[in-house]
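In listed order, ligands and their atoms are each counted from 1. The figures here come from the full heavy-atom set of this structure, side chains too, leaving out hydrogens, waters and symmetry mates. This one's a predicted model, so the numbers in the text were calculated from it and none came from an experiment.
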Amino acid sequence: MEISNEIPDGINLPTHIGIIMDGNGRWATKNNKDRSYGHEQGAVVAEKVIEWTKEFNVKYLTLYTFSEENWKRPKEEIDFLFELFVGYFQVNFKKIIDNGVKIEFIGRIDKLPDEVFKSCIEIREMSSQNKDLTVILALNYSGRQEIVDAVNKILNQSKEQVSIEDINENLYLSNVPYPDLIIRTAGEKRLSNFLLWQSAYAELYFTDVLWPDFSREEYIKALLDYSKRERKFGAIPIQANINQVE
Ligand code: IPE
Ligand code: IPE
Ligand code: MG
């Protein structure tokens with residue numbers, strides 16, 4: 001198959017893409033480096049992916065950056081990841097913001113080290129007027145916890161019954177469309193607690209490519225694959241319907 005470097009005109013693109021950026025550690029091991037080097041390269045790729053997403057005119061991109069379960073990793077790796085975030089926030093995010101990108105966060109960012117939390121708030125404020133693309137960083141995020149937090153917020157409103165709309169409105173971010181496409185790199189075929197509520201009807205795309213090797217071509221491949229999917233949301237597609245309904 002010919003590998004394309006451009007998005008063909010007129011194809012159906014997602015409004016919201018979620019990415020589980022996995023495989024930094026394996027990429028580093030494969031290249032005889034420390035895991036931290038894999039995370040560094042992963043951050044470089046994340047920055048490029050943000051640029052391409054904007055160029056492709058996709059409106060929302062959620063990047064799974066640190067899960068609540070990632071606290072199970074060795075302290076040195078966690079410390080390195082947070083140092084990397086703060087360094088990135090200070091230098092590269094300013095560039096991203098100047099490029100018209102709005103940055104939002106989902107997850108318990110208030111439980112992160114002070115410096116990380118402050119950087120998140122600063123970036124969110126600095127970018128709040130931007131409109132081209134919204135990048136949502138899932139940081140200290142757990143999909144189950146997000147649903148539990150939403151239910152607890154609703155209980156505090158003294159409601160007796162909880163509806164789907166109530167949960168939608170009390171997620172970490174309301175007013176964001178559900179993800180249409182979730183991409184996971186590095187061969188693992190699971191959600192790992194990412195956007196559990198929101199991904200009920202998301203299209204899933206898995207690639208064996210490790211995150212630091214994820215390229216523009218790979219991204220376009222995922223988007224072309226998505227453009228050919230038929231999304232039914234439980235209904236019967238219009239074409240198939242014609243001869244079946246009496
Ligand atoms: C994803 O890469 C990055 C984070 C979870 C922060 P991993 O670090 O999980 O890489 P592998 O899965 O060990 O290869
Ligand atoms: C998911 O990757 C979390 C992020 C990409 C931030 P993990 O590497 O933590 O997921 P598991 O442990 O393989 O399920
Ligand atoms: Mg992993």
Side-chain angles (χ1 to χ4, degrees), residues 16-50 53 60-89 92-93 103-113 115-117 119-120 123 135-147 149 171-173 176 179 181-199 202-215 218-219 222:
H16 182 177
I17 300 172
I19 308 187
I20 304 172
M21 309 181 288
D22 197 18
N24 293 350
R26 275 164 281 173
W27 182 89
T29 305
K30 207 176 94 184
N31 289 287
N32 296 317
K33 302 269 200 238
D34 293 342
R35 289 179 61 85
S36 52
Y37 186 66
H39 293 312
E40 264 173 5
Q41 289 310 304
V44 173
V45 172
E47 193 182 341
K48 288 196 205 134
V49 164
I50 293 173
T53 308
Y60 296 89
L61 172 69
T62 300
L63 297 175
Y64 204 4
T65 312
F66 190 85
S67 75
E68 272 197 22
E69 289 77 22
N70 288 145
W71 287 106
K72 293 176 191 163
R73 296 189 179 204
K75 186 176 180 303
E76 302 77 62
E77 177 163 346
I78 297 172
D79 287 348
F80 180 85
L81 279 170
F82 290 143
E83 266 172 45
L84 186 65
F85 296 147
V86 174
Y88 238 77
F89 285 159
N92 305 55
F93 271 96
I103 316 277
E104 298 267 19
F105 295 88
I106 52 174
R108 295 182 144 185
I109 54 170
D110 55 326
K111 303 273 189 303
L112 291 170
E115 210 187 351
V116 183
F117 177 61
S119 298
C120 296
I123 290 161
V135 171
I136 301 162
L137 299 179
L139 203 49
N140 202 15
Y141 177 82
S142 146
R144 284 184 184 153
Q145 193 62 58
E146 178 174 31
I147 298 168
D149 285 350
L171 293 172
Y172 294 138
L173 291 177
V176 172
L181 169 66
I182 292 183
I183 298 172
R184 181 168 189 150
T185 57
E188 250 51 83
K189 294 182 182 64
R190 53 177 173 258
L191 288 175
S192 301
N193 214 356
F194 184 52
L195 300 179
L196 293 186
W197 176 270
Q198 299 88 330
S199 66
E203 297 295 326
L204 307 179
Y205 180 89
F206 300 105
T207 168
D208 287 337
V209 172
L210 304 172
W211 179 249
D213 284 332
F214 193 73
S215 60
E218 288 298 332
Y219 200 10

| Does some side-chain heavy atom of Trp211 sit less than 4.5 Å from a side-chain heavy atom of Asp22? | no
| query | Have Asn140 and Glu68 got a donor and an acceptor in their side chains that come within less than 3.5 Å? | reply | no
| message | Students should be able to answer this: which protein heavy-atom is nearest to atom 14 (O) of ligand 2, and at what distance? | response | Ser192 OG, 2.6 Å
| field | Heavy-atom gap Gly23 to ligand 1 smaller than 4.0 Å | value | yes
| field | atom 6 (C) of ligand 2 - nearest protein heavy atom and its distance | value | Tyr64 O, 3.4 Å
| note | Paired with Gln198, the side chain to side chain contact (heavy atoms under 4.5 Å, CB included) test is passed by just one of Ile182, Thr62, Leu171, namely Leu171
| N/O donor-acceptor pair under 3.5 Å between Asn70 side chain and Ser67 backbone | yes
| field | Nitrogen or oxygen atoms of Asp22 and ligand 2 under 3.5 Å apart | value | yes
| Which is closest to atom 7 (P) of ligand 2 by heavy-atom distance: Arg73, Glu188, Arg190? | Arg73
| query | Is the shortest side-chain N to carboxylate O distance from Glu188 to Arg26 below 4.0 Å? | reply | yes
| query | Any side-chain heavy atom of Phe80 sitting closer than 4.5 Å to one from Arg35? | reply | no
| request: State the OH-OG1 distance between Tyr205 and Thr185, to the nearest 0.5 angstrom. | output: 11.0 Å
| message | Does only the side chain of Lys72 get under 4.0 Å from ligand 2, or the backbone, or both, or neither? Count heavy atoms. | response | neither
| query | Relative to the heavy atoms of Arg26, which atoms of ligand 1 are at a distance of less than 4.0 Å? | reply | 11 (P), 12 (O), 14 (O)
| Residue among Leu139, Ile136, Leu112, Thr65 satisfying side chain to side chain contact (heavy atoms under 4.5 Å, CB included) with Phe105 | Leu139
| query | Which value, rounded to the nearest 0.5 Å, describes the distance between Thr29 atom OG1 and Asp34 atom CG? | reply | 9.0 Å
| Do Glu47 and Tyr88 get their side chains close enough for a donor-acceptor pair, meaning under 3.5 Å? | yes
| message | Give the atom numbers and elements of ligand 2 that come within less than 4.0 Å of a heavy atom of Asn70. | response | 3 (C), 6 (C), 9 (O)
| said: Need the ligand 2 atom indices (1-based, order shown) with element for anything under 4.0 Å from a heavy-atom of Phe66. | reply: 6 (C)
| Any protein heavy atom lying closer than 4.0 Å to atom 12 (O) of ligand 2? | no
| Nearest heavy atom to atom 3 (C) of ligand 1: which of Asn24, Thr65, Leu139 does it belong to? | Asn24
| Can you tell me the protein heavy atom closest to atom 10 (O) of ligand 1 and the distance? | Gly25 N, 2.9 Å
| Which is it for Phe194 and ligand 2 at heavy atoms under 4.0 Å: side chain, backbone, both or neither? | neither
| query | Glu68: heavy atom below 4.0 Å from ligand 2, yes or no? | reply | no
| Protein contact of atom 2 (O) of ligand 2 - nearest heavy atom, named by residue and atom, plus distance | Arg184 NH2, 3.7 Å
| Numbering as shown, the atoms of ligand 1 that approach His39 to under 4.0 Å (heavy-atom distance) | 3 (C), 8 (O)
| task | Would you check if Tyr141 and Tyr64 make a side-chain contact, meaning some heavy-atom pair closer than 4.5 Å? | result | yes
| query | Nearest to atom 1 (C) of ligand 1, what protein heavy atom do you find, and at what distance? | reply | Met21 O, 3.0 Å
| query | What atom name does the N, O or S atom of Asp22 nearest to the Mg ion (ligand 3) carry? | reply | OD1
